[in-house]
S.K.: 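Sharing a structure here in structure tokens format.
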Number of protein chains: 2
Amino acid sequence: MTKYETVANSLADRINNHEFNETKKIPTEDQLMEEYNVSRNTVRNAIKILTKLGLLYPVQGSGMFIRESRKCDTVFLSGTRGITKDHPGNKLTNKCLSVEIVEADDNLAQIMLCEIGTPIYYIERLRIVDDIPYAIEYTYYNKNIIPYLDKEIIESSIFRYIKEDLKIPFGFSDKYISARKLTDQESQLLELEKNDPAIIIEDDIYLTNGTLFNSSQIVYNYKLAHFFMTVE
Amino acid sequence: MTKYETVANSLADRINNHEFNETKKIPTEDQLMEEYNVSRNTVRNAIKILTKLGLLYPVQGSGMFIRESRKCDTVFLSGTRGITKDHPGNKLTNKCLSVEIVEADDNLAQIMLCEIGTPIYYIERLRIVDDIPYAIEYTYYNKNIIPYLDKEIIESSIFRYIKEDLKIPFGFSDKYISARKLTDQESQLLELEKNDPAIIIEDDIYLTNGTLFNSSQIVYNYKLAHFFMTVE
DNA sequence: TAGTGGTCTAGACCACTTT
DNA sequence: AAGTGGTCTAGACCACTAG
């Protein structure tokens, strides 16, 4: 853990504990340099993290202000944290609908940015929050990077497995957001009506070296899924 | 314009002109310090901008790599640039459906984060791209901040008016993304069917001092509107 | 081992807000 | 005028990649 991450975590805790409720501001950069005994650059790196999380906003000449908390029950889009962390206190289950290994054809090779013939896992999951169907996920994994997956992993947390067991370094991700009608089959799985709306997020996740290892299309239950992000 | 913005703009141009097509990398930080005669911090600030725009990704120990360009015809979500810049080369028109000034009641005061009784503009617009209905926009503006709006401004570009004529300093914005069914009226305006899907973005825009001045709900034509963002 | 991005420090001046 | 965040410089060492 870097120094600026330590400072950011500490400040986040202090904000959540309402330590700055009176002023609605965190201490000045000079004060934080003093308190944590770090340089200004380190303080600013820490603050940048909290700003990106939507916890703070800067007013030049005045201070770093604590933001009113966002609407409840929204999933934070600007972070690849996994669905689990976005639903604290809820019961999360996954039902594996299908697992297969395919060789990338022309089309799939283009999606996965890989050579034709590359072995690819194709997985369909139904994600359930508190016993209510929440989303259907169609995912391709490059098997050269994720060599093994089974039903048990798929039904617990693929995200945790990749991050903690395989220790694969996530780099960045692209998200494409759109809406369409549910298919007949999807509506049954989500316990909605055929042709009901669905919000679709395609999530392409890259390693730190820029290799794509995961392309998901996630079909969300429009009655439950709401997303949040903060810009600038 | 700051130095790092100048460097970022120059690099963006050079990337778009395919100057680095062979290596797929921009010059190293040391080389950029030399080329632009600036400090490392300035170079890194410039690079951060381009990374946030999804133009580059870093590989520690190796370099800053140029990203494959994203899918076409997607609107970039992580920037408040206005719809105009997201549709270069397309004909954009706005049809003003309704303008009124209301006093914030309890409910509206909560949405606009203002005092009860504050005068608020309420505007409905139909946004049209190349003669096809693209989105319906329901917007509240705090009249204390935007004192005057008329049909002409509304049908050209409110965004440009606020930014260039009023010179109001945008700070940050929150976006809430969801989907729902179109109402009867909305489906007629968008030339779609009743109960067709719609992707909804609520966009709350704040001044640099943290004051909310604009809360929009935008109902997009699901056949046309696709959004893109990049994370981390 | 050399090259390159990531973290960290120390210090200066500028732009803006507040008093 | 004093306080606070924004920009900028110079220099050091660490972590990771690649030849």
Side-chain angles (χ1 to χ4, degrees), chain A residues 1-11 20 22-52 55-67 145 167-172 206-211 232, chain B residues 1-11 20 22-52 55-67 145 167-172 206-211 232:
Chain A
M1 176 114 72
T2 59
K3 280 195 190 185
Y4 68 84
E5 284 171 325
T6 311
V7 175
N9 287 339
S10 166
L11 278 174
F20 312 116
E22 284 172 32
T23 56
K24 292 284 172 202
K25 294 203 274 191
I26 61 171
T28 67
E29 296 183 350
D30 277 346
Q31 286 169 332
L32 292 172
M33 287 167 65
E34 184 90 7
E35 283 185 38
Y36 291 99
N37 199 26
V38 295
S39 72
R40 185 154 175 227
N41 184 34
T42 301
V43 167
R44 286 177 66 79
N45 276 335
I47 286 174
K48 185 154 294 168
I49 291 176
L50 303 180
T51 305
K52 267 176 64 175
L55 290 174
L56 296 175
Y57 64 89
V59 180
Q60 189 176 3
S62 181
M64 299 293 314
F65 289 79
I66 295 167
R67 298 198 48 190
I145 299 168
K167 296 195 199 315
I168 287 179
F170 285 45
F172 51 92
Y206 298 80
L207 305 181
T208 49
N209 67 8
T211 314
E232 225 100 327
Chain B
M1 177 114 74
T2 59
K3 280 196 187 182
Y4 66 84
E5 284 171 326
T6 311
V7 174
N9 287 338
S10 165
L11 279 174
F20 312 117
E22 286 171 30
T23 55
K24 292 283 172 202
K25 294 204 274 191
I26 62 170
T28 68
E29 296 183 349
D30 278 346
Q31 286 169 333
L32 291 172
M33 287 166 65
E34 184 91 7
E35 283 185 37
Y36 290 99
N37 198 26
V38 294
S39 72
R40 186 154 175 228
N41 184 35
T42 301
V43 168
R44 287 177 66 79
N45 275 335
I47 286 173
K48 184 154 295 166
I49 291 176
L50 303 180
T51 305
K52 268 176 63 176
L55 291 174
L56 296 175
Y57 63 89
V59 179
Q60 190 176 3
S62 182
M64 300 293 313
F65 289 79
I66 295 166
R67 299 200 47 189
I145 300 168
K167 297 194 200 315
I168 287 179
F170 285 45
F172 51 94
Y206 298 81
L207 305 181
T208 50
N209 67 8
T211 313
E232 225 102 325

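Reminder, nothing fancy here: chain letters follow the sequence lines and each chain counts from 1. Every value quoted in this text rests on a predicted model; they were computed, and no experiment measured them.
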S.K.: Round to the nearest Å and state the distance from B:L56 atom CG to C:dG5 atom P.
M.R.: 11 Å
S.K.: I need the CZ-C1' distance between B:R44 and D:dT7, as an integer number of Å.
M.R.: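 Distance, rounded to whole Å: 16 Å.
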S.K.: Residues two or more places apart in sequence or in another chain: which of them pass ring pair (Phe, Tyr, Trp, His ring centres under 6.0 Å) with B:Y36?
M.R.: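 Partners of B:Y36 by the ring pair (Phe, Tyr, Trp, His ring centres under 6.0 Å) criterion come out as none, since no residue qualifies.
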S.K.: Is the phosphate of C:dT9 approached by A:K3 (side-chain N or O, under 4.0 Å from OP1 or OP2)?
M.R.: yes
S.K.: Return the set of residues passing salt bridge (charged side-chain N to carboxylate O under 4.0 Å, His left out) with A:E34 (not counting sequence neighbours), or none when no residue passes.
M.R.: none
S.K.: Going by the side-chain contact (heavy atoms from CB on, under 4.5 Å) test, name the single residue among B:I66, B:I26, B:L55 that passes it with B:L50.
M.R.: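 Single pass found, and it is B:L55.
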S.K.: Atom NZ of A:K25 to atom C1' of C:dT18: distance rounded to whole Å?
M.R.: 9 Å
S.K.: Select one nucleotide: of D:dC8, C:dG6, D:dG5, the one nearest the side-chain heavy atoms of A:E29.
M.R.: D:dG5
S.K.: Go ahead and write out DNA chain D as dot-bracket, 5' to 3': ( ) for pairs within the strand, [ ] for ones crossing earlier pairs, | when the partner sits on another strand, dots for unpaired; Watson-Crick or G-U wobble, both distances under 3.5 Å.
M.R.: ||||||||||||||||||.
S.K.: Between A:I47 (CD1) and D:dT4 (C1'), how many Å, whole number?
M.R.: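 Going from CD1 in A:I47 over to C1' in D:dT4 covers 11 Å.
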S.K.: What is the separation between atom CG on A:N45 and atom C1' on D:dT7, rounded to the nearest whole Å?
M.R.: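 Result: 15 Å.
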S.K.: B:Y4: which residues meet the ring pair (Phe, Tyr, Trp, His ring centres under 6.0 Å) condition with it, sequence neighbours left out?
M.R.: none
S.K.: Taking for each residue the nucleotide of DNA chain C bearing the nearest heavy atom, is the 5' side occupied by B:Q31 or by A:M1?
M.R.: B:Q31
S.K.: For nucleotides 10-15 of chain D, list the nitrogen or oxygen atoms of the protein found under 3.5 Å from its nitrogen or oxygen atoms, one pair per line.
M.R.:
residue	atom	partner	partner atom	Å
D:dA12	N6	B:R40	NH1	3.2
D:dA15	N3	B:Q60	NE2	3.4

S.K.: Does any pair with a residue in residues 56-65 of chain B pass salt bridge (charged side-chain N to carboxylate O under 4.0 Å, His left out), and if so which ones, sequence neighbours excluded?
M.R.: none
S.K.: When you measure from the side chain of B:S62, which nucleotide among D:dG6, D:dT4, D:dT17 comes out closest?
M.R.: D:dT17
S.K.: Just the rounded figure in Å: distance from C1' of C:dG3 to CE of B:M64.
M.R.: 16 Å
S.K.: Return whichever of A:T2 or B:N209 has its heavy-atom-nearest nucleotide of DNA chain C closer to the 5' end.
M.R.: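 Comparing both residues, the 5'-ward one is A:T2.
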S.K.: Kindly write out the residues that satisfy side chain to side chain contact (heavy atoms under 4.5 Å, CB included) with B:N9, not counting sequence neighbours, or none if the list is empty.
M.R.: B:M1
S.K.: Of all residues at least two apart in sequence or in a different chain, which pass the salt bridge (charged side-chain N to carboxylate O under 4.0 Å, His left out) check with A:E5?
M.R.: none
S.K.: Tell me whether the side-chain N/O atoms of A:Y4 come closer than 4.0 Å to OP1 or OP2 in C:dC8.
M.R.: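 Checking C:dC8 against A:Y4, no side-chain N or O comes under 4.0 Å of OP1 or OP2.
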S.K.: Let me know the distance between CG of A:L32 and P of C:dC8, rounded to the nearest Å.
M.R.: 15 Å
S.K.: Whole Å only: how far is the CZ atom of A:F65 from the C1' atom of C:dC16?
M.R.: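 In whole Å, C:dC16 C1' lies 13 Å from A:F65 CZ.
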S.K.: With a 3.5 Å distance limit and no angle check, can you tell me whether A:T211 reaches the backbone of A:L207 through a side-chain donor-acceptor pair?
M.R.: no
S.K.: Using the test side-chain hydrogen bond (donor to acceptor under 3.5 Å, both in side chains), find all partners of A:R44 that sit at least two apart in sequence or belong to another chain.
M.R.: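 Only A:E29 meet the side-chain hydrogen bond (donor to acceptor under 3.5 Å, both in side chains) criterion with A:R44.
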